[in-house]
Amino acid sequence: MAAYPFIRIASGEPPPDVRVQRGLVYAAPGGRPLALDLFQPAGAAAGPRPLIVLVHGGGWRSGERANLAPLAIGLAQRGYAAASVSYRLSPEAGYPAAVHDVKAAVRWLRDQAPVLGIDATRIAVGGGSAGGQIAALVGVTSGNPAFDPPADAGAAAASTAVQAIVNIDGLSDFTSEAARFHEDDPRKNPSAAGAWFGGRYAEQAARWHEASPITHVHRGMPPVLWVTSGEPRFALGQAEMAARMTALGVPHRRVHLPGTPHSFWLFEPWLAPTVQAVADFLDTHFGAAPR
């Protein structure tokens, strides 16, 4: 980050007005425990709080849920519950394991909503980079049982549907020529996407298509917020997806932060406008969260 000498890493240490429940195990696929950290306002609420499930980035093969603690803290300070989740990365399990894991987290959190003080009717999913793509895919396939996790991926029986999607600098389409220039680069053996899919586009074209959120645009899908950086490659497919949504009457919004690096949400001064954009979007579609 030498090009941005003024930035600082955003703090993941919760302030006094935010309480955290760490290490809540939400599923154990194949006996492998998967956990989440739940951030909520410390004060008592007038009613159950809307929730956003947050998915970290890292090219589908690295990263950890603590990376999204600063964003979760900021949203908790705006009255939301925010759960930062772990999921199986590509060295452990390829596509679609990560998608199944995030859906299992949504299912578990909805099932536990009365205990956790969550409003089960107002659940969003969001993430950054690879996590933004995963979150978008989870959201656009809401209500599609073909994308739900296997029975042993989560014990709860609640729905995996979400009511809003936040994609922070994550791909909307793996399959366009422009996207494949980066994601299917033959000099990378394998590329991050290729490792997740188990092969290059020519070998696993069906997976590359299926994992592209743009493939699943449909009438009645949840509204989408895109928050984008100054690096255009991560917005590939977004304009086309937005056009399809517009034609179907699906609400969407884009907030662009020019001059920012790809991982802007991990740093100040850009965490604050990211929190603002996400909270404003959720307030619009969920109603203002109780504070």
Side-chain angles (χ1 to χ4, degrees), residues 10-22 24 26 35-56 65-86 102-103 105-128 131-132 134-136 138-139 142 158-168 170 222-227 251-253 255 265-266 268 270-291:
S11 174
E13 186 64 29
D17 60 347
V18 174
R19 63 185 176 91
V20 187
Q21 298 178 71
R22 300 189 188 275
L24 301 176
Y26 69 82
L36 58 84
D37 299 331
L38 181 63
F39 297 76
Q40 294 174 284
R49 298 186 182 279
L51 167 73
I52 182 167
V53 177
L54 296 173
V55 188
H56 69 79
R65 66 180 187 268
N67 296 151
L68 286 182
L71 179 57
I73 289 167
L75 292 169
Q77 290 178 312
R78 289 290 299 261
Y80 288 90
S84 180
V85 304
S86 294
V102 175
K103 284 183 175 262
V106 172
R107 174 189 285 166
W108 185 86
L109 285 158
R110 177 169 277 118
D111 185 71
Q112 297 295 313
V115 177
L116 297 174
I118 292 168
D119 184 346
T121 68
R122 293 186 291 170
I123 297 180
V125 62
I134 292 170
V138 166
S142 281
S159 168
T160 63
V162 299
Q163 288 70 54
I165 300 166
V166 176
N167 184 347
I168 304 173
V224 176
L225 167 69
W226 288 281
V227 187
H252 56 83
R253 181 185 302 174
V255 174
W265 59 94
L266 303 178
E268 292 290 12
W270 304 306
L271 173 65
T274 304
V275 170
Q276 184 73 37
V278 176
D280 287 351
F281 173 75
L282 296 179
D283 285 354
T284 296
H285 294 285
F286 286 173
R291 302 245 185 139

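None of the values given here were measured: they were computed from a predicted structure.
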Chemist: Do L24 and Q112 have side chains that approach each other closer than 4.5 Å (heavy atoms only, starting at C-beta)?
Modeler: no
Chemist: How far does CG of D119 sit from CZ of R49, to the nearest 0.5 angstrom?
Modeler: 11.5 Å
Chemist: For residues V53 and V138, determine if any side-chain heavy atom of one lies less than 4.5 Å from a side-chain heavy atom of the other.
Modeler: no
Chemist: Taking the side chain as C-beta and beyond, is there a heavy-atom pair between E13 and V20 under 4.5 Å?
Modeler: no
Chemist: Would Y80 and D283 satisfy side chain to side chain donor-acceptor pair (under 3.5 Å), going step by step from the backbone distance to the final call?
Modeler: CA-CA 10 Å; Y80 288 90; D283 285 354; 2.5 Å; yes
Chemist: Can you tell me how far the OG atom of S84 sits from the CD1 atom of I52, to the nearest 0.5 Å?
Modeler: 11.0 Å
Chemist: Compare all side-chain heavy atoms of F281 with those of V166 and state whether any distance is below 4.5 angstrom.
Modeler: yes
Chemist: From L75 CG over to Q40 CD, what is the distance, rounded to the nearest 0.5 angstrom?
Modeler: 12.5 Å
Chemist: List for me each residue that meets side-chain contact (heavy atoms from CB on, under 4.5 Å) alongside P15, sequence neighbours excluded, and say none if there are none.
Modeler: D17, V18, I73, Q77
Chemist: If I take atom CG from residue L282 and atom CG from residue L225, how far apart are they, to the nearest 0.5 angstrom?
Modeler: 8.0 Å
Chemist: What heavy-atom pair brings R110 and A161 nearest, and what distance separates the two atoms?
Modeler: NH1-O, 2.8 Å
Chemist: Quick one: closest heavy-atom pair of A136 and N167, and the distance?
Modeler: CB-ND2, 3.9 Å
Chemist: Short question: side chain of Q163, backbone of I123 - any donor-acceptor pair under 3.5 Å?
Modeler: yes
Chemist: Just to verify, what does P273 make a side-chain contact (heavy atoms from CB on, under 4.5 Å) with, not counting sequence neighbours?
Modeler: L257
Chemist: Working to the nearest 0.5 angstrom, can you tell me the gap between F39 CZ and Q21 CD?
Modeler: 11.0 Å
Chemist: Please report the closest heavy-atom contact between R107 and A158, naming both atoms and the distance.
Modeler: CG-O, 3.2 Å
Chemist: Quick check against the 3.5 Å criterion: does S142 have a side-chain atom that pairs as donor or acceptor with the backbone of V162?
Modeler: yes
Chemist: Please give me the minimum heavy-atom distance between V125 and A135, naming the atom from each residue.
Modeler: CG1-O, 3.4 Å
Chemist: Where the side chain of R122 meets the backbone of F286, is there a donor-acceptor pair that is under 3.5 Å apart?
Modeler: yes
Chemist: Go through the structure and list residues passing side-chain hydrogen bond (donor to acceptor under 3.5 Å, both in side chains) with R65, not counting sequence neighbours.
Modeler: D37, S86
Chemist: Please report the closest heavy-atom contact between A120 and A113, naming both atoms and the distance.
Modeler: CB-CB, 4.0 Å
Chemist: State the CG-NE2 distance between L71 and H56, to the nearest 0.5 angstrom.
Modeler: 13.5 Å
Chemist: Indicate the atoms forming the closest heavy-atom contact of L51 with A83, along with that distance.
Modeler: CD1-N, 3.9 Å
